[in-house]
Amino acid sequence: MGKKFDGWECINGGLHCCGNLSPEPHYPSMTRYPKGTSPEVVEQPEAAITVVFCVMGMTCAACAGSVEKAIKRLPGIREAVVDVLNDKAQVQYYPSIVNEDKIREAIIDVGFEAKSMGESSSNTSLQICRVHIGGMTCTSCSSNVESALQSLPGVQIAQVALTTEEADIHYNPNIISYNQIIEAISDTGFKPILISKGEHISKIELQIDGIKNDQSMNIIQHSLRSLQGVETIDTYQHINRITLTYKPYITGPRTFIEAIESTGSGCFRATIFSNDGGSKAHKRDEINRHFKLLIWSLAFTIPVFLISMVLMYIPGIKHVLEIKIVNMLNIGLLVKWEFSTPVQFIIGRRFYVGAYKALRKGYANMDVLIALGTNAAYFYSVYVVGRTVFSSHFKGSDFFETSSMLISFILLGKYLEVLAKGRTSQAIAKLMDLTPDTALLLTQDDKGNVIGEREIDSRLIQKNDVIKVVPGAKVASDGLVVWGQSHVNESMITGEAKPVAKIKGDMVIGGTLNENGVLHVKVTRVGSESALSQIVRLVESAQMAKAPVQKFADQISKYFVPIVIVISLSTWICWFVAGKLHTYPKSWIPSSMNSFELALQFGISVMVIACPCALGLATPTAVMVGTGVGATQGVLIKGGQALESAHKVNCIVFDKTGTLTVGKPVVVTTKLFKNVSVKDFYKFVAAAEVNSEHPIAKAIVDHAKNIIEDEQNHSFPEAKDFVSVSGQGVKAIVHNKEIIVGNKKLMLDHNIAISVEAEEVLAEAETMAQTGILVSLDGEVVGVLAVSDALKPNAKEVISILKSMKIRSIMVTGDNWGTANSIARQVGIETVMAEAQPETKATKVKEFQNDGYIVGMVGDGINDSPALVAADVGIAIGAGTDIAIEAADIVLMKSNLEDIIIAIDLAKKTLSRIRLNYVWALGYNILAIPIAAGVLYPSTRFRLPPWIAGAAMAASSISVVCSSLLLKKYKRPSMLKKLEMNGIKIE
């Protein structure tokens with residue numbers, strides 16, 4: 001029996017379909033070729049490279065839109081996504097058409113600073129697949145495998161080593177998947193076992209002290225090149241730095257540092273150069289820059305405010321301030337002019353620069369509104385100063401306090417906004433800080449005995465190192481427990497509060513906390529391969545992805561500023577003309593103003609109270625916080641699209657094996673029909689099944705070992721002529737007897753009669769949700785095995801809760817109808833589809849979509865990936881296969897079904913928060929602009945001075961960010977708490 005996943009079977013490590021595929025099955029990472037052409041004659045598409053830029057100076061959605069538009073106008077751009085919150089732009093481009101420099105220049109031309117942060121971790125240009133190949137006996141074997149691999153489209157390099165029985169394959173995942181590579185090896189007649197896949201070339205930068213000249217750098221470079229596993233070396237002598245790419249399963253940073261420090265009589269010292277692409281440093285600089293601007297602005301603005309609002313009402317000081325210098329120019333007016341000028345032109349320079357760059361490129365942003373509003377107030381005040389200098393009787397009001405206070409309030413708002421936006425990405429920061437700074441590295445002798453230990457930087461850990469984890473310490477890297485036992489708190493990764501018992505042979509995750517007991521852990525994954533790094537990468541990419549609802553804000557932002565400018569000018573003109581025509585009584589005009597000044601104040605207030613930033617922040621801040629909260633709950637949501645689709649789901653399609661059931665079958669019944677002992681029976685069965693990787697085969701072999709456990713030797717008889725029959729079972733020759741183990745179809749295909757008694761046992765097994773396996777010897781059925789896969793403990797309750805949420809539950813499985821119906825009855829699912837092939841699952845999903853359902857698909861296996869992709873929301877069980885996880889929109893890290901409810905509930909809460917943000921942002925502008933324009937003034941004499949309008953504008957942006965931050969207080973749905981109260985432990 002091969003390893004079967006409801007319609008797909010792994011025969012000797014390769015994937016084979018058990019049924020006919022539809023003409024256009026939807027599989028990820030597969031390349032199709034036109035009819036009549038072979039892979040060799042089809043031109044291979046060029047791989048797109050993904051690069052991330054740090055873009056400085058963006059303040060709102062309009063800025064992000066202008067950057068995105070500028071990048072997409074370049075030829076050779078596949079996709080561009082701009083994240084205004086994190087000051088990032090992720091660009092996919094074709095290197096033969098455009099390069100990084102041209103993209104950076106396009107961003108600079110729009111008016112923003114840009115710096116490349118290097119290729120994204122999602123870049124697929126350096127993917128390597130390592131495979132163990134069993135059965136090779138000579139160089140002819142390895143040469144044949146190597147030739148077969150090199151002939152595959154998308155494979156750039158294939159190296160097969162006979163001595164290690166391993167192959168290293170460099171491939172383009174846009175053209176070929178690692179599963180197709182595995183299948184190609186299997187087709188050559190050998191047994192492939194996947195060791196590793198994906199981006200298994202790591203990159204590191206080392207800072208070196210002690211370099212004096214070119215010769216020193218050449219010596220170090222020569223020393224590093226001699227190390228096995230080093231791919232490339234780039235040297236930067238002017239900053240004494242070396243960048244290496246290497247194979248982490250062969251070598252690592254500790255080896256590099258030791259090699260460098262042992263070179264040149266020990267005069268060199270090397271350390272890892274920590275480079276996060278400058279994003280953290282940029283955020284710190286941005287906060288410090290806003291804070292300094294705010295302090296300087298307040299230093300000049302407070303005196304202006306005091307002179308205008310306070311000191312003029314204190315008799316003694318008022319007399320001093322009103323002392324005339326030239327004609328009507330007094331000391332108070334001159335001092336206000338002197339203090340407000342630096343605020344307007346030096347501290348407020350950023351608004352002029354931003355407005356100029358925006359207008360030069362044909363769009364208007366928030367800076368245009370601020371520059372126009374403050375300039376109107378400032379230059380009118382300068383006009384007043386001029387009139388007082390040359391007139392002996394002119395009396396007019398200045399607006400110096402308006403321009404300076406307006407800029408100060410906006411800077412205060414920006415400073416608070418930057419602080420608040422930083423908090424939205426705390427989920428990633430917390431995840432990245434989970435890894436401890438140091439680790440205890442154990443030294444072992446040839447027999448594996450510990451002979452010493454030393455403390456090292458955790459970044460120097462390499463694959464196959466053995467590290468010691470003491471109670472209360474964090475696990476430094478992913479690995480396998482080789483000694484000791486303890487309980488490990490994994491809540492920071494999976495969200496599961498209960499500590500998990502760990503004994504020899506169990507896996508531990510880097511960043512988790514060891515509670516009691518000492519563990520010796522053999523490191524299996526480091527760097528970008530670790531579970532923590534993959535979670536961080538997934539969350540980062542999720543936060544970069546735009547939600548469809550964001551398009552609404554993007555559309556509004558295009559026209560918002562021009563409309564506000566028109567309204568502002570119209571307001572000023574209407575009030576000014578009304579004043580000149582005496583349409584309103586003179587009593588409406590404050591004693592310190594004239595009609596022109598009153599109209600000007602209304603116009604400026606309209607211009608500065610409008611806030612496009614709040615609209616631009618409404619969606620991305622909520623998505624960022626929502627995905628971060630999901631990660632802490634053990635639910636990884638891949639971006640705004642997944643959130644928006646998940647909250648609409650009204651139909652969920654479940655796979656059976658590993659999703660509704662535990663996924664670990666066990667033999668529960670054995671029925672023998674001939675005179676043969678149970679031990680002999682299981683020796684024959686296990687001899688055949690031990691050659692298969694199928695879960696049921698493993699269950700049978702494990703059960704056989706338990707049956708014959710009184711015997712010291714668990715080796716089974718040799719099986720000859722072993723054959724795995726796709727989707728049906730296995731057959732072999734054992735002790736010169738032909739044994740066949742499989743389903744009813746396999747027996748009938750070999751003309752083996754099935755007795756009535758055997759039929760009854762099979763029927764009984766199916767009614768009890770068990771899988772019946774027939775065993776024949778020399779053409780005669782001698783027994784039946786019943787294999788059971790237990791239901792997950794909370795499956796029935798989860799289906800019940802979904803029903804109460806008006807979400808329809810459906811089960812689609814490749815298992816037989818009897819077992820499928822029995823499982824469905826136990827969990828309360830009414831609609832069942834059994835014996836479904838992978839493409840059938842995807843077809844069924846599309847049928848439900850055509851009926852008007854928003855479909856979520858929950859699965860864990862390779863066979864589920866087409867349906868996961870076809871569904872509106874694909875939900876993968878975290879313990880499932882990598883293909884299922886890659887194809888899904890949501891990943892349940894704990895593999896618990898109740899997390900489906902958390903995912904849907906969190907999506908609804910996040911979308912509700914986005915709508916609330918939009919209601920607030922739009923409502924604020926709809927209400928605030930008319931009030932600023934003076935709609936209430938005729939009846940209430942209430943008007944908003946420009947500086948108060950500016951403060952309101954800043955407060956609106958901050959309020960939207962704070963509204964999104966409230967999602968951090970998310971709590972599990974009450975119905976899940978009831979489950980726990982009823983005694984159902986959710987683990």
Side-chain angles (χ1 to χ4, degrees), residues 424 427 491 494-497 538-539 542-543 547-549 619 621-654 659-660 792 794-810 827-828 853-858 871-878 888-918 963-982 984-987:
T424 62
S491 61
T494 66
E496 178 55 62
L538 193 151
V539 175
Q543 294 178 346
V549 71
T619 298
T621 53
V623 169
M624 181 168 282
V625 177
T627 53
V629 168
T632 62
Q633 294 279 337
V635 178
L636 299 184
I637 303 169
K638 299 182 181 179
Q641 174 73 60
L643 275 170
E644 192 163 339
S645 299
H647 96 283
K648 301 176 186 175
V649 165
N650 53 14
C651 173
I652 295 182
V653 177
F654 290 91
T659 302
L660 291 172
K792 287 186 175 177
N794 54 343
K796 183 177 180 180
E797 288 72 21
V798 168
I799 299 300
S800 176
I801 291 172
L802 289 173
K803 191 176 291 185
S804 70
M805 295 168 67
K806 295 184 170 40
I807 297 175
R808 183 182 179 189
S809 296
I810 297 163
V827 297
Y853 286 104
I854 305 297
V855 180
M857 170 70 197
V858 186
D872 296 287
V873 183
I875 303 174
I877 299 296
D889 302 300
I890 297 173
V891 181
L892 309 181
M893 289 294 293
K894 292 180 285 184
S895 303
N896 290 342
L897 287 177
E898 80 277 359
D899 285 347
I900 297 169
I901 297 162
I902 291 177
I904 294 172
D905 184 65
L906 180 59
K908 288 182 177 180
K909 292 274 194 340
T910 304
L911 264 293
S912 175
R913 184 63 55 178
I914 290 172
R915 291 194 190 100
L916 181 63
N917 288 349
Y918 276 133
S963 169
S964 295
L965 285 172
L966 289 175
L967 278 171
K968 285 192 169 188
K969 299 191 178 293
Y970 173 82
K971 294 181 180 178
R972 293 159 66 93
S974 56
M975 60 271 283
L976 292 182
K977 293 179 181 177
K978 289 177 183 176
L979 280 184
E980 293 171 346
M981 289 172 64
N982 291 335
I984 298 172
K985 291 296 293 180
I986 297 173
E987 298 179 6

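- In this structure a side-chain-to-backbone donor-acceptor pair under 3.5 Å is missing from Ser645 to Ala642.
- Residues Ala795 and Leu660 approach most closely at CB-O, 4.0 Å, considering heavy atoms.
- Atoms CG and SG, on Asp872 and Cys651 in that order, are 9.5 Å from each other to the nearest 0.5 Å.
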Verdict with supporting geometry, Val625 and Lys968, side-chain contact (heavy atoms from CB on, under 4.5 Å): CA-CA 7 Å; Val625 177; Lys968 285 192 169 188; 3.8 Å; yes
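- Going from atom CG of Leu802 over to atom CD1 of Ile904 covers 6.0 Å, rounded to the nearest 0.5 Å.
- Side-chain contact between Arg913 and Ser963: present, with at least one pair of heavy atoms (C-beta onward) separated by less than 4.5 Å.
- Closest of all the heavy-atom pairs between Gly626 and Leu967 is N-CD1, 4.2 Å.
- The two residues Ala622 and Ser964 have their closest heavy-atom pair at N-OG, 3.3 Å.
- The side-chain contact (heavy atoms from CB on, under 4.5 Å) test with Ile900 singles out one residue from Leu892, Val873, Asp905, and that residue is Leu892.
- Counting non-hydrogen atoms of neighbouring residues, nucleotides and ligands closer than 6.0 angstrom, the OH atom of Tyr970 exceeds 12 such neighbours.
- In this structure, Leu916 CG and Leu911 CG are separated by 12.5 Å, a value rounded to the nearest 0.5 Å.
- Here the shortest heavy-atom pairing between Ile799 and Ser809 reads CD1-OG, 3.8 Å.
- At a threshold of 4.5 Å between non-hydrogen side-chain atoms, the residues Glu797 and Glu898 do not count as touching.
- Although no hydrogens or angles enter the test, the distance criterion places a donor-acceptor pair under 3.5 Å between the side chain of Thr627 and the main chain of Val623.
- Remark: side-chain polar atoms of Thr910 are paired, donor with acceptor, to backbone N or O of Leu906 under 3.5 angstrom.
- No option in Val649, Asn650, Val653 other than Val653 meets the side-chain contact (heavy atoms from CB on, under 4.5 Å) test with Val855.
- With contacts defined as side-chain heavy-atom distances shorter than 4.5 Å, the pair Ile902/Arg972 qualifies.
- Taking CD1 of Ile807 as the reference point, atom CD1 of Ile652 lies at 5.0 Å (rounded to 0.5 Å).
- One finds the CZ atom of Phe654 at 6.0 Å from the CG atom of Leu897 (value rounded to the nearest 0.5 Å).
- Using a 4.5 Å cut-off on side-chain heavy atoms (C-beta onward), His647 and Leu643 make no contact.
- Taking CD of Gln641 as the start and CG of Asp889 as the end, the distance is 7.5 Å to the nearest 0.5 Å.
- For the pair Lys792/Asn794, a side-chain contact is recorded, criterion being any heavy-atom separation below 4.5 Å from C-beta on.
- Considering only heavy atoms from C-beta on, Thr619 stays 4.5 Å or farther from Asn917 through its side chain.
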